[in-house]
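Structure first, then comments.
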Number of protein chains: 4
Amino acid sequence: MVDAVSHNVDLASGSTWSPREVELLEVTLQLLQENGYDRLTVDAVAATARASKATVYRRWPSKAELVLAAFTEGIRQVAVPPETGTLRGDLLRLGELVCQQTAQHAGTLRAVLVEVSRNPALNEVMQHQFVDQRKALMNHILGQAVDRGEIEATAIDDDLWDVLPGYLIFRSLVSGRAVTPRTVANLVDQVILPGLTRGAR
Amino acid sequence: MVDAVSHNVDLASGSTWSPREVELLEVTLQLLQENGYDRLTVDAVAATARASKATVYRRWPSKAELVLAAFTEGIRQVAVPPETGTLRGDLLRLGELVCQQTAQHAGTLRAVLVEVSRNPALNEVMQHQFVDQRKALMNHILGQAVDRGEIEATAIDDDLWDVLPGYLIFRSLVSGRAVTPRTVANLVDQVILPGLTRGAR
Amino acid sequence: MVDAVSHNVDLASGSTWSPREVELLEVTLQLLQENGYDRLTVDAVAATARASKATVYRRWPSKAELVLAAFTEGIRQVAVPPETGTLRGDLLRLGELVCQQTAQHAGTLRAVLVEVSRNPALNEVMQHQFVDQRKALMNHILGQAVDRGEIEATAIDDDLWDVLPGYLIFRSLVSGRAVTPRTVANLVDQVILPGLTRGAR
Amino acid sequence: MVDAVSHNVDLASGSTWSPREVELLEVTLQLLQENGYDRLTVDAVAATARASKATVYRRWPSKAELVLAAFTEGIRQVAVPPETGTLRGDLLRLGELVCQQTAQHAGTLRAVLVEVSRNPALNEVMQHQFVDQRKALMNHILGQAVDRGEIEATAIDDDLWDVLPGYLIFRSLVSGRAVTPRTVANLVDQVILPGLTRGAR
DNA sequence: TCATAAGCGAGACGGTACGTCGTGTCTTACG
DNA sequence: CGTAAGACACGACGTACCGTCTCGCTTATGA
């Protein structure tokens, strides 16, 4: 059973960038969203930040890693648990959050994916930044639902916890079909909640 | 005079590649899977195929379109409906099929994903090759389940029909977590089937 | 005894640069004389010649070799034997020629010297372009003087043939003392000619 | 308070280097001879001397001046007159000395030559260290020869006094042809002495 | 039978981004 | 205060790739 209370989400920390580094990452993210991955040039990043290319390459050994760092930094929004009071409300809120983040960074994410599959270190970071954080969040939500008696603790599957965000990411990233709030609502009501409450049938 | 013989017309997809073109696409696909999109070079394709770059660019106006063509050529496959006799069996079979295909083309898929967001034509092809085909398959499976009385026709959602393949693809492609047969079974039993039969509760 | 007649000086040939290469070398030489060796950039050469850097580096593997090539190309003035009719006149003319060439390219020569001492291949070229040509010229001059009976054939030393140009080059290149026509005249009259005619004493 | 002891005043040249500075110059000279001018890096000098780059740049405002200082420090040497008793003996001894010195510092000399043309101060030092010293020596030798009646005083030319060392330096530094004792002997016997005694003909 | 063309290999080319490295300036922390 | 350590801006170097182009060589038809 998941301990929903003592779990320390601690999403805000995890990386320690110096002010200069944060500045570089912000510039990178900015240019990334304006131009896309391969029209972004490291020279442009350096020039915009009034930095030297050496300064950039001292921290991140390649353009791909720079972009990944900028991306994970940009994505790390303070993932405060929704706390709407109901499981359904929490899930809807979570779904909207995922959609918003994914839509915003879809191009970047796709670009980064290629590198991630090649570089185990990047994969590591990616997993930590993306997966683990979201899992903690989900556990928190489900744990509260268990506490409130909305679902049974046995309904929580350690393998399939990410169907909600995963499918939404698939929709934005792989399938070209846009996700609407209606889509999220249907997903929660027709798929996720039935799956979680199937034991109550 | 048109030579009706020397053109290998593939009626299933409508594409018409000459033997030389197929050869180039095969080389491209090979190198694509080995190196990924951006470590694949057109020079390497030409050199490996003992062709001139002009020969490549005469057919496909850019590296992206070359890769797209190679990819769509590579993943073209007939989707035979499972026909196991039960909805659960069909879904399990479908899930395994998706996993197998995705695993096989994971590198290529990731590589192509980058281009999908940039190239509307590629997106079009992607939808046709991957999505529509699968949707027809899914509709067939669900239609039979309705006929057998396993689920109600209203349970079929035109928007969320791809949760099963979509989540599995997410797992292989985006998340780094491998998919096991157990995962597929759990997904079908704990998420998909409860969603489809929720009205029968 | 040196054969002054059958010796084929052939100074105009010896290198076969394509028109494009000649163009690049001319631009290089131009910028070289304007800016000096290390304020010359390969980027500037390429840009000025409306060429790609790759085009430059395809022919010459480094900036140093490019500059050397440009230099030797620039220096290869049609070294037509003076033919003034007297040994003294020929030597004076030769001295003036050496002074003029050396003064014009002093900076470049010094820059190239550093590379030459490191790269045996460059040294080879340098020897051929500079030394061998001048030696042929000198042999031609001395051979005619022998034919005219001005000096004896035994006065020609195969090791010390380059005292005249060598000392003049030293003056321009190493010592900072400028060479005047008076210097050349004195050198010929007080050093070179006495050395060549010492046997007639 | 001025520390009059810790300054190692070299009265012969007027330079005043502290022990730490001498250490830096020695390292510089060492690396200069090993690598040549432009493969020598200030970073390497600092690192080898376990010093900071700031420490280097505090004393010498540029790499060129550092190298100049190291060079002049390295070649400073007392020029003892040969005193063999005959002009020919003195000249041979002088020639051998020049060859030995030049060979020893060939790399450094070539490296420094590049800077000489750019830096008037360096040129100044070069003249003083190399030329003037040698000129005094030559004057001494020739003066003694005049005293002994070997040559006439009018044979001494104020412009061409350095043909002997100049040509030898040319041979070592510019031309790639090595200088042998035989070369020196021939030079003295066939060129220098005939030039000096030409009036006696 | 020969010529005119069309496809092809080979690969040079302009352009442009990458990642590296060196200079000379500067800051920080130590002794 | 001088120093070691090293980050920093600037900018050149040399490499690699894309997409275009020209050059000959082969082949395949049309007079």
Side-chain angles (χ1 to χ4, degrees), chain A residues 18 20-21 23-24 35 37-47 49-66, chain B residues 1 3 18 20-21 24 37-47 49-67, chain C residues 18 20-21 23-24 35 37-47 49-66, chain D residues 18 20 24 35 37-47 49-67:
Chain A
S18 75
R20 191 73 178 114
E21 288 163 339
E23 194 179 337
L24 289 169
N35 304 314
Y37 179 82
D38 52 2
R39 280 194 305 202
L40 166 77
T41 69
V42 179
D43 288 77
V45 170
R50 295 201 59 81
S52 162
K53 280 208 291 177
T55 301
V56 177
Y57 280 102
R58 193 175 300 119
R59 284 65 147 44
W60 302 282
S62 70
K63 172 182 169 178
E65 300 220 23
L66 167 65
Chain B
M1 177 184 175
D3 184 355
S18 72
R20 189 68 175 120
E21 287 162 341
L24 289 170
Y37 181 83
D38 52 0
R39 285 207 299 208
L40 165 77
T41 70
V42 180
D43 289 75
V45 170
R50 298 199 58 81
S52 164
K53 281 209 295 174
T55 303
V56 177
Y57 279 101
R58 193 174 298 118
R59 281 64 137 65
W60 303 282
S62 71
K63 172 182 169 179
E65 302 222 21
L66 166 65
V67 167
Chain C
S18 76
R20 192 71 178 115
E21 287 163 341
E23 195 179 336
L24 289 170
N35 305 314
Y37 180 81
D38 52 1
R39 280 193 307 200
L40 165 77
T41 70
V42 180
D43 288 77
V45 170
R50 297 200 57 82
S52 163
K53 279 207 293 178
T55 302
V56 177
Y57 280 102
R58 191 175 303 117
R59 283 64 145 46
W60 302 282
S62 70
K63 173 182 169 179
E65 301 220 23
L66 167 65
Chain D
S18 73
R20 190 67 175 121
L24 289 169
N35 305 313
Y37 181 82
D38 52 0
R39 287 206 297 208
L40 165 76
T41 70
V42 180
D43 289 75
V45 170
R50 299 200 59 81
S52 162
K53 282 207 295 175
T55 302
V56 177
Y57 278 102
R58 192 173 299 116
R59 281 63 138 63
W60 303 281
S62 70
K63 171 182 169 179
E65 303 223 21
L66 166 65
V67 168

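Everything numeric here is computed off the predicted structure, so don't read it as measured data. Chain letters run A, B, ... following the sequence lines, proteins first, then strands; residues in each count from 1.
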- Message: From the set F:dA12, E:dT23, E:dC13, return the single nucleotide nearest to any side-chain atom of D:Thr41.
- Response: E:dT23
- Note on the structure: Smallest heavy-atom separation, C:Leu40 atom then C:Asn35 atom, equals N-CB, 4.3 Å
- Task: Enter the distance from A:Trp60:CH2 to A:Arg58:CZ here, rounded to the nearest 0.5 Å.
- Result: 11.0 Å
- Spacing of C:Glu23 atom CD relative to E:dA12 atom P, expressed in whole Å: 17 Å
- Message: Nearest whole Å is fine: how far is F:dA16 P from B:Asp38 CG?
- Response: 16 Å
- Message: Rounded at 0.5 Å granularity, tell me how far CG in A:Leu66 sits from CD in A:Glu21.
- Response: 11.0 Å
- Pull out every residue in residues 55-67 of chain B that has a heavy atom closer than 4.0 Å to any atom of DNA chain F, ordered by number, or say none. B:Tyr57, B:Ser62, B:Lys63
- Item | Intermediate values then yes/no, side-chain contact (heavy atoms from CB on, under 4.5 Å), B:Leu24 and B:Thr55 | CA-CA 9 Å; B:Leu24 289 170; B:Thr55 303; 4.3 Å; yes
- Task: Write down the atom of C:Asp38, the atom of C:Lys63, and the distance for their closest heavy-atom approach.
- Result: CA-NZ, 3.6 Å
- How is C:Leu24 classified with respect to the nucleic acid when contacts are heavy atoms under 4.0 Å: base, sugar-phosphate, or nothing? nothing
- Whole-Å gap separating P (E:dC26) and CZ (A:Arg20): 16 Å
- Task: Rounded off to whole Å, could you give me the CG-to-P distance for the A:Asp43 and E:dT16 pair?
- Result: 12 Å
- In terms of heavy-atom contacts, D:Arg20 and D:Ala49 come closest through NH2-O, 3.2 Å
- Note on the structure: Bend of the helix from E:dT1-F:dA31 to E:dG31-F:dC1 from end-axis comparison, five pairs per end, nearest 10°, comes to 10°
- Task: Identify the two heavy atoms, one from A:Ser18 and one from A:Arg59, that lie closest to each other, and give their separation to 0.1 Å.
- Result: OG-NH1, 4.1 Å
- Query: Mapping C:Leu40 and B:Val42 onto DNA chain F by nearest heavy atom, which one lands closer to the 5' end?
  - Reply: C:Leu40
- Query: Do we see a donor-acceptor contact under 3.5 Å between the side chains of B:Ser62 and B:Glu65?
  - Reply: no
- DNA chain F: C:Ala44 or A:Ser18, which has the more 5' nearest nucleotide? A:Ser18
- Counting just side-chain N and O atoms, does B:Arg50 come under 4.0 Å of either OP1 or OP2 of E:dG11? no
- Message: For a quick test of reading the model, state the closest non-hydrogen atom pair linking B:Ser52 to B:Ala46 and the distance between them.
- Response: C-CB, 4.0 Å
- Whether each nucleotide of nucleotides 21-29 of chain F has a protein heavy atom under 4.0 Å at its base (B), only at its sugar-phosphate (S) or at neither (-) is summarised, 5' to 3', as B--------
- Does D:Arg39 make a side-chain N or O approach to OP1 or OP2 of F:dC13 shorter than 4.0 Å? no
